[in-house]
Amino acid sequence: MRRFFVFVLVAALWLSVPPAIASSERLEVQSWSWQGMFGRYDKAQLRRGFQVYSEVCANCHGLRLVAYRNLADVGLTDEEIKRIAAEKEVQDGPNEQGEMFTRFARPSDRFVSPYANDQAARVANHGALPPDLSLMAKARAGGPDYLYSLLTGYEDPPSGVLLTPGMNYNKVFPGHQIAMPQPLFEDMVTYDDSTSASLPQMAQDVTAFLNWTAEPELDGRHALGLKTLAFLVLLTGLLYALKRQIWSGVHGE
Ligand code: HEC
(Lines give C-alpha, C1' and ligand atoms only; values in the text may rest on other atoms or scores of the structure.)
Protein backbone atom coordinates (compact mmCIF):
# COMPACT_ATOMS: atom_id res chain seq x y z
CA MET A 1 0.00 0.00 0.00
CA ARG A 2 2.72 2.42 1.00
CA ARG A 3 4.61 1.71 -2.18
CA PHE A 4 1.51 2.53 -4.13
CA PHE A 5 1.28 5.94 -2.45
CA VAL A 6 4.92 6.65 -3.16
CA PHE A 7 4.32 5.71 -6.78
CA VAL A 8 1.30 8.05 -7.01
CA LEU A 9 3.29 10.85 -5.39
CA VAL A 10 6.21 10.47 -7.79
CA ALA A 11 3.87 10.26 -10.78
CA ALA A 12 2.00 13.38 -9.64
CA LEU A 13 5.27 15.29 -9.21
CA TRP A 14 6.45 14.16 -12.61
CA LEU A 15 3.22 15.22 -14.29
CA SER A 16 3.23 18.57 -12.52
CA VAL A 17 6.54 19.57 -14.15
CA PRO A 18 5.60 22.64 -16.21
CA PRO A 19 5.72 22.32 -20.01
CA ALA A 20 8.36 25.09 -20.13
CA ILE A 21 10.95 22.55 -19.00
CA ALA A 22 9.79 20.05 -21.62
CA SER A 23 10.15 22.63 -24.39
CA SER A 24 13.64 23.64 -23.24
CA GLU A 25 14.76 20.09 -24.08
CA ARG A 26 15.82 21.40 -27.47
CA LEU A 27 18.47 23.53 -25.78
CA GLU A 28 22.00 22.27 -26.01
CA VAL A 29 22.79 21.79 -22.36
CA GLN A 30 26.44 22.52 -21.60
CA SER A 31 28.49 21.88 -18.51
CA TRP A 32 29.60 25.26 -17.22
CA SER A 33 32.63 25.76 -15.00
CA TRP A 34 30.68 27.78 -12.43
CA GLN A 35 27.98 25.20 -11.82
CA GLY A 36 27.79 23.22 -8.60
CA MET A 37 29.01 24.03 -5.12
CA PHE A 38 32.68 24.03 -6.10
CA GLY A 39 32.03 25.84 -9.39
CA ARG A 40 34.14 28.87 -10.27
CA TYR A 41 34.43 31.11 -13.31
CA ASP A 42 37.31 30.25 -15.57
CA LYS A 43 39.17 33.58 -15.85
CA ALA A 44 40.79 32.69 -19.16
CA GLN A 45 37.36 31.86 -20.55
CA LEU A 46 35.86 35.13 -19.26
CA ARG A 47 38.68 37.03 -20.92
CA ARG A 48 38.07 35.28 -24.22
CA GLY A 49 34.34 35.92 -23.83
CA PHE A 50 34.99 39.61 -23.26
CA GLN A 51 37.03 39.64 -26.47
CA VAL A 52 34.11 38.09 -28.40
CA TYR A 53 31.67 40.53 -26.83
CA SER A 54 33.80 43.57 -27.65
CA GLU A 55 34.76 42.53 -31.18
CA VAL A 56 31.33 41.24 -32.22
CA CYS A 57 28.33 41.81 -29.94
CA ALA A 58 29.31 45.32 -28.80
CA ASN A 59 28.53 46.61 -32.30
CA CYS A 60 24.84 46.22 -31.48
CA HIS A 61 24.42 45.38 -27.77
CA GLY A 62 25.21 47.47 -24.70
CA LEU A 63 26.18 46.38 -21.19
CA ARG A 64 24.90 49.35 -19.28
CA LEU A 65 25.11 47.78 -15.81
CA VAL A 66 28.81 46.99 -16.08
CA ALA A 67 31.56 49.54 -15.42
CA TYR A 68 34.91 49.27 -17.17
CA ARG A 69 36.68 48.85 -13.82
CA ASN A 70 34.62 45.69 -13.16
CA LEU A 71 36.77 44.05 -15.85
CA ALA A 72 39.45 43.65 -13.17
CA ASP A 73 37.42 40.59 -12.09
CA VAL A 74 37.98 39.10 -15.51
CA GLY A 75 41.73 39.50 -15.04
CA LEU A 76 42.37 42.71 -17.00
CA THR A 77 45.06 45.01 -15.60
CA ASP A 78 44.38 48.64 -14.66
CA GLU A 79 46.33 49.77 -17.72
CA GLU A 80 44.26 47.59 -20.05
CA ILE A 81 41.04 48.83 -18.47
CA LYS A 82 42.08 52.48 -18.85
CA ARG A 83 42.94 51.90 -22.47
CA ILE A 84 39.66 50.09 -23.22
CA ALA A 85 37.60 52.84 -21.53
CA ALA A 86 39.48 55.61 -23.33
CA GLU A 87 38.45 54.22 -26.71
CA LYS A 88 34.93 55.53 -26.03
CA GLU A 89 33.53 58.98 -25.49
CA VAL A 90 30.85 59.89 -22.97
CA GLN A 91 28.84 63.01 -22.36
CA ASP A 92 29.58 64.75 -19.07
CA GLY A 93 28.84 68.08 -17.46
CA PRO A 94 27.66 70.65 -16.99
CA ASN A 95 31.02 72.48 -16.71
CA GLU A 96 31.52 75.90 -15.08
CA GLN A 97 29.97 77.57 -18.10
CA GLY A 98 26.90 75.38 -17.68
CA GLU A 99 27.61 73.41 -20.84
CA MET A 100 27.62 69.69 -21.40
CA PHE A 101 30.80 68.33 -22.96
CA THR A 102 32.19 65.03 -24.20
CA ARG A 103 35.27 63.41 -22.75
CA PHE A 104 36.98 60.04 -23.03
CA ALA A 105 35.45 57.36 -20.80
CA ARG A 106 37.15 56.49 -17.52
CA PRO A 107 37.34 53.12 -15.69
CA SER A 108 34.51 54.25 -13.38
CA ASP A 109 32.12 54.83 -16.31
CA ARG A 110 29.60 52.20 -17.32
CA PHE A 111 30.01 50.55 -20.75
CA VAL A 112 29.12 53.03 -23.46
CA SER A 113 26.16 51.83 -25.54
CA PRO A 114 26.68 51.36 -29.28
CA TYR A 115 23.69 53.55 -30.19
CA ALA A 116 22.77 57.03 -29.03
CA ASN A 117 19.25 55.88 -28.09
CA ASP A 118 16.75 53.06 -28.61
CA GLN A 119 15.26 54.69 -31.67
CA ALA A 120 18.63 54.85 -33.40
CA ALA A 121 19.20 51.20 -32.44
CA ARG A 122 15.89 50.17 -34.04
CA VAL A 123 16.56 52.12 -37.22
CA ALA A 124 19.87 50.28 -37.62
CA ASN A 125 18.28 46.85 -37.05
CA HIS A 126 15.16 46.64 -39.24
CA GLY A 127 13.02 48.00 -36.42
CA ALA A 128 14.17 45.43 -33.82
CA LEU A 129 15.87 46.58 -30.63
CA PRO A 130 19.05 44.71 -29.67
CA PRO A 131 18.46 44.28 -25.93
CA ASP A 132 21.03 45.24 -23.31
CA LEU A 133 22.99 42.09 -22.43
CA SER A 134 24.01 42.88 -18.81
CA LEU A 135 21.38 40.60 -17.27
CA MET A 136 20.47 38.53 -20.31
CA ALA A 137 21.90 35.29 -18.88
CA LYS A 138 19.28 35.56 -16.11
CA ALA A 139 16.46 36.92 -18.22
CA ARG A 140 15.64 33.87 -20.34
CA ALA A 141 14.47 30.38 -19.37
CA GLY A 142 17.46 28.08 -19.74
CA GLY A 143 19.90 30.92 -18.92
CA PRO A 144 23.37 30.21 -20.30
CA ASP A 145 22.21 27.09 -22.16
CA TYR A 146 19.68 29.24 -24.00
CA LEU A 147 22.31 31.84 -24.93
CA TYR A 148 24.67 29.14 -26.18
CA SER A 149 21.91 27.40 -28.15
CA LEU A 150 20.74 30.72 -29.63
CA LEU A 151 24.24 31.62 -30.84
CA THR A 152 24.76 28.18 -32.38
CA GLY A 153 21.14 27.70 -33.46
CA TYR A 154 21.09 29.44 -36.86
CA GLU A 155 19.95 27.21 -39.71
CA ASP A 156 18.40 27.39 -43.13
CA PRO A 157 14.64 27.52 -42.64
CA PRO A 158 12.93 24.16 -43.16
CA SER A 159 11.15 23.92 -46.52
CA GLY A 160 7.74 25.52 -46.41
CA VAL A 161 8.76 28.13 -43.79
CA LEU A 162 8.68 31.64 -45.24
CA LEU A 163 10.80 34.20 -43.44
CA THR A 164 9.70 37.80 -43.13
CA PRO A 165 12.28 39.97 -44.96
CA GLY A 166 15.14 40.96 -42.66
CA MET A 167 14.51 38.00 -40.34
CA ASN A 168 16.68 34.94 -39.77
CA TYR A 169 15.80 31.38 -38.87
CA ASN A 170 16.93 30.17 -35.44
CA LYS A 171 15.86 26.84 -34.04
CA VAL A 172 15.67 27.90 -30.37
CA PHE A 173 14.37 31.48 -30.63
CA PRO A 174 10.64 31.51 -29.76
CA GLY A 175 8.77 31.59 -33.08
CA HIS A 176 12.09 30.79 -34.88
CA GLN A 177 12.29 34.18 -36.63
CA ILE A 178 14.87 36.52 -35.13
CA ALA A 179 15.96 39.96 -36.30
CA MET A 180 19.56 39.39 -35.20
CA PRO A 181 21.61 37.99 -38.09
CA GLN A 182 23.90 35.10 -37.16
CA PRO A 183 26.61 36.92 -35.19
CA LEU A 184 29.33 34.25 -34.86
CA PHE A 185 31.23 32.38 -37.55
CA GLU A 186 34.28 30.07 -37.31
CA ASP A 187 37.56 31.90 -36.63
CA MET A 188 35.94 35.28 -36.36
CA VAL A 189 38.28 36.35 -33.56
CA THR A 190 41.92 35.50 -32.84
CA TYR A 191 42.42 34.50 -29.25
CA ASP A 192 45.62 35.58 -27.44
CA ASP A 193 45.84 32.25 -25.62
CA SER A 194 45.86 30.30 -28.93
CA THR A 195 42.52 28.60 -28.17
CA SER A 196 40.99 27.81 -31.54
CA ALA A 197 38.04 30.08 -32.26
CA SER A 198 35.47 27.52 -33.37
CA LEU A 199 31.82 28.54 -33.31
CA PRO A 200 30.97 26.41 -30.22
CA GLN A 201 34.09 27.73 -28.43
CA MET A 202 33.24 31.40 -29.06
CA ALA A 203 29.59 30.79 -28.14
CA GLN A 204 30.63 29.17 -24.85
CA ASP A 205 33.15 31.88 -24.05
CA VAL A 206 30.82 34.82 -24.68
CA THR A 207 28.05 33.04 -22.77
CA ALA A 208 30.39 32.59 -19.80
CA PHE A 209 31.26 36.29 -19.98
CA LEU A 210 27.57 37.23 -20.07
CA ASN A 211 26.89 34.96 -17.12
CA TRP A 212 29.58 36.84 -15.23
CA THR A 213 28.03 40.24 -16.12
CA ALA A 214 24.69 38.95 -14.79
CA GLU A 215 26.13 37.26 -11.72
CA PRO A 216 29.54 38.76 -10.94
CA GLU A 217 29.33 37.85 -7.26
CA LEU A 218 29.02 34.09 -7.90
CA ASP A 219 32.62 33.16 -7.05
CA GLY A 220 32.43 35.02 -3.73
CA ARG A 221 29.10 33.42 -2.90
CA HIS A 222 30.39 29.92 -3.58
CA ALA A 223 33.49 30.58 -1.47
CA LEU A 224 31.30 31.83 1.39
CA GLY A 225 29.05 28.76 1.05
CA LEU A 226 32.04 26.44 1.43
CA LYS A 227 33.34 28.34 4.47
CA THR A 228 29.89 28.15 6.03
CA LEU A 229 29.75 24.40 5.43
CA ALA A 230 33.20 23.92 6.94
CA PHE A 231 32.09 25.95 9.95
CA LEU A 232 28.91 23.87 10.38
CA VAL A 233 30.89 20.62 10.22
CA LEU A 234 33.26 21.94 12.89
CA LEU A 235 30.38 23.12 15.04
CA THR A 236 28.67 19.73 14.76
CA GLY A 237 31.87 18.03 15.90
CA LEU A 238 32.23 20.39 18.86
CA LEU A 239 28.61 20.00 19.92
CA TYR A 240 28.91 16.23 19.69
CA ALA A 241 32.01 16.26 21.87
CA LEU A 242 30.21 18.53 24.33
CA LYS A 243 27.17 16.28 24.41
CA ARG A 244 29.35 13.26 25.16
CA GLN A 245 31.03 15.08 27.95
CA ILE A 246 27.80 16.31 29.52
CA TRP A 247 26.22 12.87 29.37
CA SER A 248 29.35 10.92 30.29
CA GLY A 249 28.38 10.68 33.97
CA VAL A 250 24.88 9.39 33.20
CA HIS A 251 25.88 6.33 31.20
CA GLY A 252 27.63 4.57 34.10
CA GLU A 253 24.61 4.54 36.48
C1 HEC B 1 24.11 43.38 -36.16
C2 HEC B 1 23.66 43.59 -34.83
C3 HEC B 1 23.81 42.48 -33.80
C4 HEC B 1 24.96 41.83 -33.42
C5 HEC B 1 26.37 42.00 -33.97
C6 HEC B 1 24.58 40.95 -32.34
N7 HEC B 1 23.24 41.06 -32.08
FE8 HEC B 1 22.18 40.07 -30.68
N9 HEC B 1 20.47 40.97 -31.28
C10 HEC B 1 20.36 41.89 -32.31
C11 HEC B 1 18.98 42.24 -32.49
C12 HEC B 1 18.44 43.22 -33.51
C13 HEC B 1 18.23 41.51 -31.54
C14 HEC B 1 16.72 41.50 -31.34
C15 HEC B 1 16.18 40.27 -32.05
C16 HEC B 1 14.70 40.16 -32.09
O17 HEC B 1 14.03 40.61 -31.16
O18 HEC B 1 14.19 39.55 -33.08
C19 HEC B 1 19.21 40.71 -30.79
C20 HEC B 1 18.88 39.86 -29.76
C21 HEC B 1 19.80 39.18 -28.99
C22 HEC B 1 19.47 38.37 -27.84
C23 HEC B 1 18.08 38.18 -27.23
C24 HEC B 1 17.37 36.99 -27.79
C25 HEC B 1 16.04 36.80 -27.12
O26 HEC B 1 15.78 35.70 -26.62
O27 HEC B 1 15.27 37.77 -27.05
C28 HEC B 1 20.64 37.86 -27.35
C29 HEC B 1 20.83 36.95 -26.16
C30 HEC B 1 21.69 38.34 -28.21
N31 HEC B 1 21.16 39.12 -29.20
C32 HEC B 1 23.02 38.03 -28.02
C33 HEC B 1 24.04 38.46 -28.87
C34 HEC B 1 25.43 38.08 -28.69
C35 HEC B 1 25.98 37.23 -27.54
C36 HEC B 1 26.11 38.65 -29.71
C37 HEC B 1 27.60 38.54 -30.00
C38 HEC B 1 28.11 37.21 -30.17
C39 HEC B 1 25.16 39.40 -30.52
N40 HEC B 1 23.91 39.24 -29.97
C41 HEC B 1 25.48 40.13 -31.66
C42 HEC B 1 21.41 42.40 -33.04
C43 HEC B 1 22.73 41.99 -32.96
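Remember, it's 1-based here, ligands and their atoms both numbered in the order they're listed.
Between the side chains of Gln177 and Thr164, at least one donor N or O sits under 3.5 Å from an acceptor N or O. Side chains of Thr77 and Glu80: a donor on one and an acceptor on the other come within 3.5 Å.
For Leu129, the closest heavy-atom approach to ligand 1 falls below 4.0 Å. Every heavy atom of Asn59 sits 4.0 Å or more from the atoms of ligand 1.
Atom numbering of ligand 1 starts at 1 in the shown order; those under 4.0 Å from a heavy atom of Val56 are 5 (C). Which parts of ligand 1 touch Met136 is read off a 4.0 Å heavy-atom cut-off, strictly below it: atoms 23 (C), 29 (C). Those atoms of ligand 1 with a heavy atom of Leu184 less than 4.0 angstrom away are 38 (C). Remark: ligand 1 atoms within the under-4.0 Å shell around heavy atoms of Leu151 are 34 (C), 35 (C). Close approach of ligand 1 to Leu147 (heavy-atom distance below 4.0 Å) involves ligand atoms 29 (C).
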(request) List the steps, then state whether ring pair (Phe, Tyr, Trp, His ring centres under 6.0 Å) holds for Tyr169 with Tyr154. (result) CA-CA 6 Å; Tyr169 188 86; Tyr154 285 84; 9.3 Å; no

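Residues Asn168 and Phe173 have side chains not in contact (no heavy-atom distance under 4.5 Å, counting atoms from C-beta outward). For the pair Arg221 and Glu215, the minimum side-chain heavy-atom distance is below 4.5 Å. In this structure the side chain of Asn125 reaches within 4.5 angstrom of the side chain of Tyr115, judged on heavy atoms. Looking at Glu89 and Phe104, their side chains come closer than 4.5 Å, going by heavy atoms from C-beta outward. Side-chain atoms of Leu76 and Phe50, non-hydrogen and from C-beta on, do get closer than 4.5 Å to each other.
Among the atoms of Arg140, some N or O lies under 3.5 angstrom from an N or O of ligand 1. The shortest N or O to N or O distance between Tyr146 and ligand 1 is below 3.5 Å.
Between Ala141, Ala124, Cys60, Gly49, it is Cys60 that holds the heavy atom closest to atom 3 (C) of ligand 1.
Counting only heavy atoms of the protein, atom 20 (C) of ligand 1 lies nearest to Pro131 CD, 3.5 Å. With hydrogens left out, the protein atom closest to atom 16 (C) of ligand 1 is Ala179 N, 3.7 Å, a heavy atom. Atom 38 (C) of ligand 1 has as its closest protein heavy atom Cys57 SG, 2.7 Å. Nearest protein heavy-atom contact of atom 10 (C) of ligand 1 is Met180 CB, 3.3 Å. For atom 17 (O) of ligand 1, the nearest non-hydrogen atom of the protein is Phe173 CZ, 4.2 Å. Among all protein heavy atoms, the one lying closest to atom 28 (C) of ligand 1 is Leu150 CD2, 3.8 Å.
No option in Glu55, Arg48, Arg47 other than Glu55 meets the side chain to side chain donor-acceptor pair (under 3.5 Å) test with Gln51.
Remark: side-chain polar atoms of Asp132 are paired, donor with acceptor, to backbone N or O of Arg64 under 3.5 angstrom. Checked by atom type and distance alone, the side chain of His61 pairs as donor or acceptor with a backbone atom of Pro131 at under 3.5 Å.
Taking backbone and side chain together, His61 holds an N, O or S atom under 2.8 Å from atom 8 (Fe) of ligand 1.
Only side-chain heavy atoms of Pro183 come within less than 4.0 Å of ligand 1; its backbone N, CA, C and O stay farther off.
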